[in-house]
J.: 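Got a structure here, written out as structure tokens. Questions coming.
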There are 2 protein chains.
Amino acid sequence: MQLDERKKKIMQAIIRNYLETGEPVGSRTISKYTDLNLSSATIRNEMADLEELGYIIQPHTSAGRIPSDKGYRLYVDQMMEEKEREVEELKGILLEKEDKMDHLLKQVAKVLAQNTNYATMISAPQYHRNKLKFIQLSLVDAHQLLVVTVVEGNVIKNNILNVEEKLDSEILLKLNILLNTHLNGLTLEEINLNMITAMKQQAGIHSSIIGNVIDAIAESIKADEDLEIYTSGANNIFKYPELADNQKASELITAFEEKKLLEELVEERLADDNNTGIQIYIGDETPVKSMKDCSVVTATYELEEGMRGTIGIIGPKRMDYDKVVGTLKTLMHQLDDLYKKKE
Amino acid sequence: MQLDERKKKIMQAIIRNYLETGEPVGSRTISKYTDLNLSSATIRNEMADLEELGYIIQPHTSAGRIPSDKGYRLYVDQMMEEKEREVEELKGILLEKEDKMDHLLKQVAKVLAQNTNYATMISAPQYHRNKLKFIQLSLVDAHQLLVVTVVEGNVIKNNILNVEEKLDSEILLKLNILLNTHLNGLTLEEINLNMITAMKQQAGIHSSIIGNVIDAIAESIKADEDLEIYTSGANNIFKYPELADNQKASELITAFEEKKLLEELVEERLADDNNTGIQIYIGDETPVKSMKDCSVVTATYELEEGMRGTIGIIGPKRMDYDKVVGTLKTLMHQLDDLYKKKE
DNA sequence: GTTAGCACTCTCTTTCTTGGAGTGCTAACA
DNA sequence: TGTTAGCACTCCAAGAAAGAGAGTGCTAAC
């Protein structure tokens with residue numbers, strides 16, 4: 001059943017009011033709040049309908065109504081009026097364009113949390129499909145070999161290997177050339193056993209080193225795959241009584257501490273390649289079960305081709321969706337601008 | 001005034017009991033709990049004395065007594081019976097000897113939290129006095145110069161610099177030699193302007209690069225100084241009603257999230273060079289003010305000469321001091337064993 | 001279709017009551 | 001002089017009772 005115009009307006013008024021106050025909304029309030037000029041009795045009738053349709057709930061017989069998950073969903077899908085919203089501090093951060101990715105991400109999470117008064121998370125972009133760009137072996141010590149790996153996007157990884165045999169700079173140079181000519185431009189998946197065997201042959205007596213180096217490279221690139229997640233503002237949940245009781249707060253805090261639990265949120269997003277928009281999970285819809293009393297708004301950002309991460313904002317169901325979505329959209333644009341400009 | 005033997009026994013009984021139950025302890029309980037064979041009336045008299053001396057407090061007139069901060073202090077200084085306590089899982093972790101220091105530290109924090117049921121923190125060891133061991137410049141791209149810096153303890157830092165001029169491998173080799181001969185073995189503090197000028201002269205037309213490289217090195221080593229702190233088990237505070245009210249919980253969680261606030265704890269410890277033992281802060285004694293209702297037990301660990309960090313355990317004042325101190329001591333020994341063996 | 005009016009329900013807050021735990025004091029005892 | 005039994009007293013915690021307020025659903029009138 002489609003809602004008629006009036007029901008929609010009432011619904012909207014109920015939600016708006018509840019988002020602000022967190023208290024059940026009564027018919028009298030609506031009667032004054034809207035420009036419908038209807039008496040509270042009429043509103044009551046309409047509200048009874050809306051309740052029957054499942055959009056609102058009465059916590060107990062003589063209380064006002066609060067939106068159900070279905071009601072929020074309606075609001076989010078059809079009634080929201082998000083505006084683009086600048087976050088001044090963010091601009092500053094983004095302009096600086098920190099080369100330390102982790103600093104940048106931590107900052108974004110923090111500013112976002114301060115600005116929205118909700119908890120935030122941000123996952124570091126995933127690089128896994130990237131190509132090897134450069135490999136450098138150097139001797140740090142008589143028996144310690146430093147392996148530096150640079151992949152596209154200028155992500156650098158280091159390993160130190162212990163080696164038995166003595167290596168002079170000449171051999172090192174050869175090995176460097178060997179590795180770079182064979183491997184540069186390849187992704188991890190493209191390196192196969194044939195190549196490795198060929199390289200080992202060419203390396204002669206130093207073949208074992210080649211093996212170790214490749215293992216080290218593979219491992220250090222792999223290590224990046226268990227994904228980094230930064231969070232901020234977890235303490236904001238205490239601002240919302242409906243989340244602040246011990247049981248719930250404890251579960252939520254745990255989720256933010258054991259960032260493993262947040263990965264679901266990221267994976268859900270990145271799995272779907274076309275999904276670059278903003279996703280809203282209300283209550284039970286969220287993939288993280290400790291957040292079943294929250295709403296979660298996520299957005300996927302993309303820095304360069306294939307380098308994508310997820311930003312999430314976690315708050316009570318009566319979160320200010322307009323503001324959150326607006327803020328996220330603006331942030332996405334700013335990130336786009338920043339990284340498109342650069343290229 | 002010195003406490004006589006009997007008062008001490010009563011004091012100890014009060015604390016032991018309170019640590020277990022978290023409830024005020026009455027005279028009747030003590031009368032049965034101890035082997036003193038005294039009536040509750042006698043105990044009452046003694047307790048009145050202890051209260052006058054400031055070791056115990058009566059929350060209200062008709063309640064039992066609870067230890068004051070001074071009482072805990074007495075217990076901790078004179079009555080504790082810590083036993084060395086193995087933490088089986090820790091052994092496993094330490095034996096593996098992860099080369100990724102951050103993984104290791106996270107794991108230690110986590111296991112310690114699970115084991116004690118308190119919140120834990122661990123600071124990454126500080127390297128700042130360490131010497132430059134190795135510098136390597138390589139060209140990643142036509143205009144991108146990779147600077148790899150290794151300092152003693154095999155801590156590796158990377159930077160990528162954008163350079164205007166074209167550099168060939170011959171020049172690069174020269175610059176590499178120049179940098180390494182001048183700088184290896186020095187600490188950051190020992191590099192002075194004279195050296196830099198000398199190097200720039202020798203570098204001739206590439207002197208600006210030398211300047212940039214040194215800046216990059218300095219910066220990346222500095223960056224390590226804002227110290228890493230890993231935490232775990234913050235949600236454990238919800239297990240102790242005296243910490244779990246919204247106000248306190250929020251402050252504590254904030255401290256664990258904004259790890260900056262925990263730095264005080266680390267600095268307090270590391271400042272004092274001789275202080276390698278275990279330190280207990282009770283209530284107001286703690287340097288972090290949001291923890292004024294907690295007790296904090298810290299220990300300093302040392303991996304290699306000069307590489308020290310701090311481990312902290314944060315719980316309610318009625319924390320099981322014996323267990324916590326025992327566990328920390330054992331952990332220190334295990335770390336010692338591990339790193340002494342290696343050398 | 002809308003509205004005024006009214007009885008009804010339920011929660012929240014406040015007040016009062018009661019039971020229990022524990023104390024401090026006194027007086028008796030060894 | 002130290003220890004103990006006994007008793008009156010205090011205070012909190014939990015429950016019961018009462019009242020206020022908010023909001024509803026229903027009916028009847030417009």
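Numbers restart at 1 for each chain; the letters A, B, ... are given by sequence-line order, proteins then strands.
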J.: Would you mind reading off the distance between B/D49 atom CG and D/dT3 atom P, rounded to a whole angstrom?
T.: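 These atoms are roughly 11 Å apart.
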J.: Out of D/dT4, D/dG6, C/dA21, which nucleotide sits closest to the side chain of B/S62?
T.: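 Looking only at side-chain atoms, B/S62 lies closest to C/dA21.
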J.: Given atom CG of A/D4 and atom P of C/dG1, what is their separation to the nearest angstrom?
T.: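 Going from CG in A/D4 over to P in C/dG1 covers 11 Å.
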J.: What's the closest nucleotide to the B/R65 side chain, out of D/dT4, C/dG24, D/dC12?
T.: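 Closest nucleotide among those given: C/dG24.
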J.: Are the side chain of A/S31 and the backbone of A/S27 linked by a donor-acceptor contact shorter than 3.5 Å?
T.: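 Flag not set: sc A/S31 to bb A/S27 has no pair under 3.5 Å.
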J.: When the distance from CD of A/E52 to P of D/dT24 is rounded to whole Å, what number comes out?
T.: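 Answer to the nearest Å: 16 Å.
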J.: Figure out the CG/C1' separation between B/L36 and D/dT4, and round it to whole Å.
T.: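 Taking CG of B/L36 and C1' of D/dT4, I get 15 Å after rounding.
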J.: Distance check needed: D/dT3 C1' versus B/R28 CZ, whole Å only.
T.: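 After rounding, the reported distance stands at 17 Å.
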J.: For a quick test of reading the model, state the closest non-hydrogen atom pair linking A/V296 to A/T298 and the distance between them.
T.: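 In terms of heavy atoms, the two residues are closest at CG1-CG2, 3.9 Å.
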J.: May I have the distance from A/M47 (atom CE) to D/dC26 (atom P), rounded to whole angstrom?
T.: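 Going from CE in A/M47 over to P in D/dC26 covers 15 Å.
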J.: With respect to the side chain of A/R44, which nucleotide from C/dT2, C/dT23, D/dG25 is positioned closest?
T.: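 Of the options given, the side chain of A/R44 lies nearest D/dG25.
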J.: Does some side-chain heavy atom of B/M80 sit less than 4.5 Å from a side-chain heavy atom of B/D322?
T.: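 Yes. Closest side-chain heavy atoms under 4.5 Å.
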J.: Using every non-hydrogen atom in the two residues, find where B/R318 and B/Y240 come nearest and quote the distance to one decimal.
T.: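 Scanning both residues, the minimum pair turns out to be NH2-CD2, 4.0 Å.
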J.: Respond yes when some side-chain nitrogen or oxygen of A/R6 is under 4.0 Å from OP1 or OP2 of C/dT2, and no when none is.
T.: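 It does, given that an N or O in the side chain of A/R6 lies less than 4.0 Å from OP1 or OP2 of C/dT2.
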J.: When you check the side-chain N and O atoms of B/T42 and B/S39, is any donor under 3.5 Å from an acceptor?
T.: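 Short answer, yes.
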J.: Tell me what A/S40 touches on the nucleic acid: a base, only sugar-phosphate, or nothing, going by heavy atoms under 4.0 Å.
T.: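 Nothing, no heavy atom under 4.0 Å.
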J.: Do the side chain of B/T116 and the main chain of B/L112 share a donor and acceptor less than 3.5 angstrom apart?
T.: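 Flag set: sc B/T116 to bb B/L112 pair under 3.5 Å.
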J.: Students often get this wrong, so: under 4.0 angstrom with heavy atoms, is B/A63 touching a base, only sugar-phosphate, or nothing?
T.: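 If one applies the 4.0 Å heavy-atom cut-off, B/A63 turns out to touch the sugar-phosphate alone, with no base involved.
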J.: Ignoring the backbone of B/Q58, work out which of C/dT3, C/dT23, D/dT24 is nearest its side chain.
T.: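 For B/Q58, the side-chain atoms sit closest to C/dT23.
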J.: Quick one: the dot-bracket string of DNA chain D, using Watson-Crick and G-U wobble pairs with both distances under 3.5 Å, [ ] for crossing pairs and | for bases paired to another strand.
T.: ||||||||||||||||||||||||||||||
J.: Nearest to the side chain of B/S39 - C/dT2, D/dT24, D/dA5?
T.: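 When the side chain of B/S39 is considered, D/dA5 is the closest of C/dT2, D/dT24, D/dA5.
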J.: Without decimals, in angstroms, what is the distance between B/I56 CD1 and C/dG22 P?
T.: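 Going from CD1 in B/I56 over to P in C/dG22 covers 14 Å.
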J.: Determine yes or no for a side-chain-to-main-chain donor-acceptor pair under 3.5 angstrom, with A/S68 supplying the side chain and A/G54 the backbone.
T.: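 Pair found, side chain donor or acceptor close to backbone of A/G54.
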J.: Given atom CD1 of A/I30 and atom P of C/dT3, what is their separation to the nearest angstrom?
T.: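 Rounding to the nearest Å, CD1 of A/I30 and P of C/dT3 are 15 Å apart.
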J.: Select from B/T61 and B/T42 the residue whose nearest nucleotide in DNA chain D is closer to the 5' end of that strand.
T.: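 Result: B/T42.
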